[in-house]
Amino acid sequence: MSSLVQRIEKYLMLLLNQSNGSLKLKRNDLADQFNCVPSQINYVLKTRFSIERGFLVESQRGGGGYVRIRELKFDHPEVDFMYVVLEIIGDELTQQQMVNLLHNLEDKKIITQREKLILQAVLNRQNLSIDLPYRDYLRAKLFKAALGAIMKSENSQ
């Protein structure tokens, strides 16, 4: 049997697909539906619907509070998404953010599985044997350089 997190994620993805990429719901109603506490819904939103995975989550607290999930879609997926990725990365990139971004880039067919595996290996914390926060700075700088090289090679073909 799948975990609660997986069931909630699957349900939200189904709703997103049916609603053309944008969904507005009440966190408490969703928690009641899955017989869980709202913090478990927050966990799913934070880990499975992050910007690194191609989603924008907005929330409003209070009595009439809601959560809005929007899937990021672009007219020119490779170019537009690359600008978003570079903006997301900023000056630091954690191991988990890197994994999420690579997964999303592969899903959107911006990088190949081979490129994803190479970048995961090179940027893995075990291969960047320096202390935090310098490791996250170095990972961000290398990630940006690698994506720039991939985009250059794609445009020159």
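Using a 4.5 Å cut-off on side-chain heavy atoms (C-beta onward), Lys10 and Leu14 make no contact. Two residues are said to be in side-chain contact when any heavy atoms from C-beta on lie closer than 4.5 Å; Leu128 and Val122 fail this criterion. Counting heavy atoms from C-beta on, the side chains of Leu12 and Leu25 come closer than 4.5 Å. In this structure, Lys116 and Arg114 have side chains that are not in contact, with every pair of non-hydrogen atoms separated by 4.5 Å or more.
For the residue pair Arg48 / Gln6, no side-chain donor-acceptor distance below 3.5 Å is found, with atom types taken as modelled. Counting only N and O atoms by type, the side chains of Gln33 and Asp29 include no donor and acceptor under 3.5 Å apart.
Although no hydrogens or angles enter the test, the distance criterion places a donor-acceptor pair under 3.5 Å between the side chain of Asn17 and the main chain of Met13. When atom types are taken as modelled, the side chain of Arg139 and the backbone of Leu93 share a donor-acceptor pair closer than 3.5 angstrom. A distance-only check finds a donor-acceptor pair linking the side chain of Asn127 to the backbone of Ala121 [under 3.5 Å]. No donor-acceptor pair closer than 3.5 Å links the side chain of Glu92 to the backbone N or O of Tyr137.
If you take CD on Glu9 and CG on Leu45, they are separated by 10.5 Å, rounding to the nearest 0.5 Å. Residue Gln40 holds its CD atom at 13.0 Å from CZ of Arg27, rounded to the nearest 0.5 Å. Ile8 contributes atom CD1, which lies 4.5 Å from atom SG of Cys36 (distance to the nearest 0.5 angstrom). How far CG of Leu16 is from CD1 of Ile69: 5.5 Å, rounded to the nearest 0.5 Å. For the atom pair CG of Leu23 and CZ of Phe55, the computed distance is 10.5 Å after rounding to the nearest 0.5 Å. For the atom pair CZ (Arg135) and CG (Asn124), the distance works out to 9.0 Å, reported to the nearest 0.5 Å.
Shortest non-hydrogen contact noted between Gln120 and Leu102 is CG-CD1, 3.4 Å. The two atoms that bring Ala31 and Pro38 nearest to each other are CB-N, 3.8 Å, heavy atoms only. The two atoms that bring Arg125 and Gln95 nearest to each other are N-OE1, 2.9 Å, heavy atoms only. Here the closest non-hydrogen pair linking Glu115 and Ile110 is OE1-O, 4.5 Å.
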- Query: Yes or no on side-chain contact (heavy atoms from CB on, under 4.5 Å) for Gln113 and Leu117, after CA distance, side-chain angles and deciding distance?
  - Reply: CA-CA 6 Å; Gln113 181 184 24; Leu117 293 172; 4.0 Å; yes

- Intermediate values then yes/no, side-chain contact (heavy atoms from CB on, under 4.5 Å), Leu147 and Leu105: CA-CA 10 Å; Leu147 289 182; Leu105 289 168; 3.8 Å; yes

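In the hydrophobic clustering of this structure, Tyr134 groups with Met98; members are Ile, Leu, Val, Met, Phe, Trp, Tyr whose side-chain heavy atoms approach within less than 4.5 Å, directly or through other members. Leu30 and Val37 fall into different hydrophobic clusters, defined by Ile, Leu, Val, Met, Phe, Trp and Tyr side-chain heavy atoms under 4.5 Å apart, directly or through other members.
Heavy atoms from other residues, nucleotides or ligands lying under 6.0 Å from OH of Tyr43 number 12 at most.
Among the candidates His103, Gln96, Gln97, the single residue satisfying the side chain to side chain donor-acceptor pair (under 3.5 Å) test with Asn100 is Gln96.
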